[in-house]
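Here's the structure, in structure tokens; my notes come after.
Remember, it's 1-based here, ligands and their atoms both numbered in the order they're listed.
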Amino acid sequence: MLGGKFSRSRLFWTGIGILIVAAAVVTFLTLRSTGAPEPTTVAFSEFLKDVQAGTVGRVVVAAEALEFERRDGTRSITVAPAGYVASNPTFVTSLTDRGVVLEVARAESATSGGYGALAVGLLFFGIVGLVLYRVTTGRVPTLEKARTIDPQQVAVTFQDVAGVDEAKDEVREIVDFLKEPERFAEIGGRIPRGILLVGPPGTGKTLLARSMAGEAGVPFISASGSDFVEMYAGVGAARVRRLFRDARRHKSCIIFIDELDAVGRNRGGNSLSHEEREQTLNQLLVEMDGFQQSESIIIVAATNRQDILDPALLRPGRFDRQVVVGNPDIKGREQILRVHSKKVALEGDVDLRSIARGTPGFSGADLANLINEAALIAARNGRKTVANADLDAARDKGLMGVERKSVAMSDKERVTCAYHEAGHAVVAALLPDADPLHKVTIIPRGRALGVTMQLPEADRYTHSKPFIEAQIAILMGGRVAEELFLRQMTSGASNDIERATELARKMVCELGMSPLGPLHFRRPSSAWDSDNRASGFSEETARRVDEEIRVLVMRGYETARQIIERQRAALKALAEELLEVESVDADRLKDILAGTVVPVTGPARAVSETS
Ligand code: ADP
Ligand code: MG
Ligand code: ZN
């Protein structure tokens, strides 16, 4: 429920307040019970002197500590030497002879007030624990977690979900069932109760689940898997119970559990919260099994890590229908752009199809964001309608990060950056297996000082070996250009080097693209896992894997060096243009290169092991 967070947090602080008051009261009572004037502590010799003087009226012996009261009413405490009372039998008689009242405290009353202190301690740690919990998790420990949205407020239908037609078709049947459960009961068909939406983030899984409720006109009760994962055993399970109890109050509804993997992780791990998660997961399974055929409640869950889910979750009667919600293809992207551009005013000549073509790999959320950014850019420039240029700028922002014009590079750094980026660009332009260049810029964006951006002509689903080799060579191009033109090495290439090494590692260990053959070499995933049996290969193999990775990266370096040596003129022209105008787009790049590139005899290729 909206606003629930506020009232819950009020409740939390009220609770803390009550605990503090309670602690104060207990402390007060504990102190008061020890009597009014505090006894002073005196030396043992002082005590003996007092006894001899006959001023002592009463002595309470508790282990080595002696509390005594003088005849004038003042009280003191002293500590006897270890074993003094036991080894001096005359001590007792010397007291009684003088008419002193002698008491021996029972061990329990010696710690009088101990229980009070214990209570204060417990309260104190309780409060500290709660506050820490609140501060570290930003959450209030409570059982109220699920949010119910009434059908009138769901306000999302299938029309709002674009580009995932297969997924929509798969869930349409469920919506029909929710609309008319009786019809399905008559036929006797068994409708799947658990639907698992699987796909990368931002592809519209949450949106699709909500639209199901919107289409069927039933309440939408949602919770996130991470809500169920708590430090305290049993809390998660109680929340699951509460969620299903809420749901059963409705005649029919959709329960949506986001991030199912947070609770549904394969059991048998050894993490700290393992016990708790297992209890929570078991509760979820129990609730799902407990559905009556007559109830029309559908559970929809979303995850992007289906591989780590506990197999028990996927068994028949549970999440037995899996619907893949993938990143949209070019047609899907156009439809999503269309849906979201309804909310903004587009200029007449805006071509959404070409935007869709230039945004491979964008998710639905990325595209929604692109339209929103474009509208913001138009508004910032004082226009009322969104133009093609705004959409282009928004896309570049999405692809390459936000421009940071405030970063002040020194002149020397600008030159370094220009040659570095020109190095990437020239290598990319000259390798036919590489994606076409989209833009080169030395305006700092995100964390990079300069960016060379390539864009595939069509969506890529697989990558060929020459493509990856070309990618490594392009990454090396920046460093090579700096070395050849400026006789320097800078830290600017560190990310390039990291990415190139990672590509090479993938080629050797996962893609079978090295002389080691089509084998998967799993890297030890943690320190626990570092013995060679667990990592799946011998030390000898590990050495060869390292060697092959090195060979692939060095080959890319060599390819880049050969191209740049030959194309010095083109690289210099591009770098100089960059220093002047900061950004060069694809068309201008072609012009510059057309006038300066030395023609190659035979097609240029990344250096392969055949060479
Ligand atoms: P997920 O749950 O898969 O991470 P969401 O459903 O939360 O993704 O998507 C976030 C936002 O992105 C949605 O609110 C919507 O605005 C937009 N979006 C994502 N996918 C689509 C789609 N297929 N059609 C229309 N909008 C989409
Ligand atoms: Mg989501
Ligand atoms: Zn670089």
For Lys506, I'd like to know if atom NZ has over 12 heavy atoms of other residues, nucleotides or ligands within 6.0 Å.
no

Atom SG of Cys509 and atom CD1 of Ile549: how far apart are they, to the nearest 0.5 Å?
5.0 Å

Pair Arg353 + Asp351, salt bridge at N-O below 4.0 Å:
no

If you measure from the Lys or Arg side-chain nitrogens to the Asp or Glu carboxylate oxygens, is any gap between Arg487 and Glu482 under 4.0 Å?
no

Within a strict 2.8 Å cut-off of the Mg ion (ligand 2), protein N/O/S atoms tallied 1

Under 4.0 Å between a side-chain nitrogen and a carboxylate oxygen: does that hold for Arg210 and Glu215?
no

Taking side chain to side chain donor-acceptor pair (under 3.5 Å) as the definition, give me every residue that meets it alongside Arg172, ordered by chain and number, with sequence neighbours left out.
Asp169

What are the polar N/O contacts of ligand 1 with the protein below 3.5 Å, with distances?
unit_1   : atom_1 : unit_2 : atom_2 : d
ligand 1 : 2 (O)  : Thr206 : N      : 3.0
ligand 1 : 2 (O)  : Thr206 : OG1    : 2.6
ligand 1 : 3 (O)  : Thr203 : N      : 3.2
ligand 1 : 3 (O)  : Gly204 : N      : 3.1
ligand 1 : 3 (O)  : Lys205 : N      : 2.8
ligand 1 : 3 (O)  : Lys205 : NZ     : 2.8
ligand 1 : 4 (O)  : Gly202 : N      : 2.7
ligand 1 : 6 (O)  : Thr206 : N      : 3.3
ligand 1 : 6 (O)  : Leu207 : N      : 2.9
ligand 1 : 8 (O)  : Gly204 : N      : 3.2
ligand 1 : 20 (N) : Thr203 : O      : 3.3
ligand 1 : 20 (N) : Gly204 : N      : 3.3
ligand 1 : 23 (N) : Ala162 : O      : 2.8
ligand 1 : 24 (N) : Ala162 : N      : 3.0
ligand 1 : 26 (N) : His340 : NE2    : 2.8

Which atom, counting only N, O or S, brings Asp496 closest to the Zn ion (ligand 3)?
OD2

Which residues share a side-chain contact (heavy atoms from CB on, under 4.5 Å) with Pro456, sequence neighbours left out:
Pro360, Asp435, Arg460

To the nearest 10 degrees, could you say what angle the Zn ion (ligand 3) makes with NE2 of His424 and NE2 of His420?
90°

Looking at CD of Gln471 and CG of Asp433, how far apart are the two atoms once the value is rounded to the nearest 0.5 Å?
10.5 Å

Does a salt bridge link Asp390 with Arg383, judged by any charged N lying under 4.0 Å from a carboxylate O?
yes

Charged N to carboxylate O under 4.0 angstrom, Arg479 versus Asp496?
no

